[in-house]
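Bear in mind that the values here come from a model prediction, so they are computed numbers and not experimental data.
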Amino acid sequence: MGINERIKNFRNRLHLSQEYVANFLEINRATYTQMENGKRKITAEDISRLSELFGVTADALLNENKISQPSTVFARSFEKLDENDQAEIMNLIKFKEQMKMQRS
């Protein structure tokens with residue numbers, strides 16, 4: 001699997017649109033699509049920014065055998081939120097746990 005396929009997989013795992021990732025990289029969507037299709041070279045800066053967005057190391061993007069767990073991505077993103085946003089996320093988690101218990 002090439003780096004372009006790994007980037008696409010990470011984007012899909014996180015349910016991000018190509019438009020969202022392109023905006024994050026400050027490029028247009030067509031250019032980003034070319035990256036995912038292997039028709040545009042991916043620069044070191046692209047790898048750095050994508051690893052930040054996806055919450056994985058550059059190695060995870062460059063090497064097929066180093067895929068980060070979604071919980072690691074969540075933890076890194078969670079730490080960047082302010083206290084109010086963290087509390088809201090925790091409330092959502094508690095709500096989901098309660099819903100799951102009711103279904104059982």
Name each donor-acceptor pair under 3.5 Å that joins a side chain in residues 85-100 to protein atoms two or more places apart or in another chain, with its distance.
from: Q86; atom 1: NE2; to: F78; atom 2: O; distance (Å): 2.9
from: Q86; atom 1: NE2; to: L81; atom 2: O; distance (Å): 3.3
from: N91; atom 1: ND2; to: A87; atom 2: O; distance (Å): 3.4

With rounding to the nearest 0.5 angstrom, report the [atom1] to [atom2] distance, [X] to [Y].
X   : Y   : atom1 : atom2 : answer
N12 : I7  : CG    : CD1   : 12.0 Å
I42 : M35 : CD1   : CE    : 4.5 Å
T33 : I27 : OG1   : CD1   : 8.5 Å
L25 : Y20 : CG    : OH    : 10.5 Å
L62 : D59 : CG    : CG    : 6.5 Å
M1  : K8  : CE    : NZ    : 11.0 Å

Taking all non-hydrogen atoms of both residues into account, name the closest pair between G38 and N4 and its distance.
N-ND2, 3.4 Å
Are [X] and [Y] side-chain neighbours, meaning at least one heavy-atom pair lies under 4.5 Å?
X   : Y   : answer
T57 : S51 : no
R11 : F54 : yes
E36 : I3  : no
F24 : E52 : yes

Any sub-3.5 Å donor-acceptor pair from D46's side-chain atoms to T43's backbone N or O?
yes
Quick check: does any side chain N or O of N37 sit under 3.5 Å from a backbone N or O of K39, one acting as donor and the other as acceptor?
no
Between F10 and L61, is a side chain to side chain contact (heavy atoms under 4.5 Å, CB included) present by the stated rule, with each step listed?
CA-CA 9 Å; F10 278 116; L61 293 174; 3.5 Å; yes
